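To start, the structure itself, in structure tokens.
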Number of protein chains: 2
Amino acid sequence: MRDRKGGFGNDPERDKQACPVEYTLDVIGGKWKGVLIYHLMGGTKRFNEFRKICPGITQRMLTLQLRELEKDGVVHREVYHQVPPKVEYSLTEFGRTLIPIINLMKDWGKEYRDKQLEVQKYSED
Amino acid sequence: MRDRKGGFGNDPERDKQACPVEYTLDVIGGKWKGVLIYHLMGGTKRFNEFRKICPGITQRMLTLQLRELEKDGVVHREVYHQVPPKVEYSLTEFGRTLIPIINLMKDWGKEYRDKQLEVQKYSED
DNA sequence: CGGCATCCCTTAAGATACTG
DNA sequence: CAGTATCTTAAGGGATGCCG
């Protein structure tokens with residue numbers, strides 16, 4: 001067992017919860033959560049719309065990531081009980097509080113993607 | 001991890017690179033990267049300092065995460081060739097451009113950690 | 001259409017031991 | 001002190017098939 005100085009109990013999540021940054025990353029830092037939230041900022045989306053927007057994601061992962069966002073209260077899932085089925089995903093009010101962060105990340109990503117590539121040149125093997 | 005060897009031809013990571021949000025998450029979204037950057041905002045840190053601050057992280061993971069941050073140009077690694085060895089980690093200028101994002105994530109985490117717990121109560125039906 | 005269940009492989013991550 | 005190396009386990013994730 002791991003030596004846990006301070007005896008905080010044995011919840012491995014505690015370390016993350018203790019740091020607000022990690023808590024936030026826990027909500028938006030999943031493999032696809034960032035993009036999903038980002039695209040939801042542009043309006044309601046259906047399941048297959050996401051699949052078109054993110055060709056790399058599988059149904060399974062899309063479901064899992066959306067479920068986690070739903071569980072975290074970030075995304076609302078509206079089911080229309082009809083044939084063929086229709087499910088719409090949207091940001092909750094709570095989810096919208098993330099918009100400033102996502103926007104900042106978007107801006108940073110756009111601005112520094114190139115510069116970061118330059119940096120990498122100097123640290124190549 | 002990100003493949004730097006070739007171009008973006010059939011790189012499955014391409015989808016992520018295509019979205020600036022995901023690019024940013026790729027840099028700061030690693031399991032421990034957020035906390036590491038966050039703590040580096042408070043000043044230079046040594047290897048074992050991190051281990052004290054983040055009791056849950058293993059040497060191995062700490063090394064790997066720091067190396068990735070270094071590779072991405074976010075963190076500078078200063079090695080003092082002496083006995084006993086001394087290595088200091090600090091944010092690069094590039095790394096400092098992330099500070100606004102980390103701060104925003106910290107604020108959001110602090111503010112909404114509690115509210116999110118409430119949200120979960122309502123989504124248990 | 002929008003899933004979920006299953007199988008299976010790959011990658012991430014932990015434990016431990018050892019080193020410059 | 002600040003790591004590597006190695007092994008093992010846990011989690012992530014793809015492919016496929018079925019179902020409401």
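Being a predicted model, the structure only gives us computed values, none of them experimental.
Evaluation of the side-chain contact (heavy atoms from CB on, under 4.5 Å) rule for B:Leu66 yields B:Leu36, B:Phe47, B:Phe50, B:Leu62, B:Tyr89 as partners, not counting sequence neighbours. Considering only residues two or more places apart in sequence or on other chains, A:Asp107 meets the side-chain contact (heavy atoms from CB on, under 4.5 Å) condition with none of them. Not counting sequence neighbours, the partners of B:Arg96 by the salt bridge (Lys or Arg N to Asp or Glu O under 4.0 Å) test are B:Glu93. Not counting sequence neighbours, A:Val83 has no partner by the side-chain contact (heavy atoms from CB on, under 4.5 Å) test. By the side-chain hydrogen bond (donor to acceptor under 3.5 Å, both in side chains) test, A:Glu78 pairs with A:His76, sequence neighbours left out. Judged as a side-chain contact (heavy atoms from CB on, under 4.5 Å), and not counting sequence neighbours, the contacts of B:Gln82 are B:Tyr80, B:Lys86. Residues that satisfy the side-chain hydrogen bond (donor to acceptor under 3.5 Å, both in side chains) test with A:Thr97, not counting sequence neighbours, are B:Trp108.
Applying the side chain to side chain donor-acceptor pair (under 3.5 Å) definition to pairs two or more places apart or across chains, none involves residues 53-62 of chain A. Annotation: side chain to side chain donor-acceptor pair (under 3.5 Å) contacts involving residues 33-56 of chain A, sequence neighbours excluded, comprise A:Lys33-A:Glu68.
With a cutoff of under 4.0 Å to any heavy atom of chain A, the contacted region of DNA chain D is bounded 5' to 3' by D:dG13 to D:dG20.
The overall bend of the helix from C:dC1-D:dG20 to C:dG20-D:dC1, read as the angle between its terminal helix axes built from five base pairs each, is 60° when rounded to 10 degrees.
Sorted by residue number, the members of residues 36-47 of chain A with any non-hydrogen atom under 4.0 Å from DNA chain C read A:Arg46, A:Phe47.
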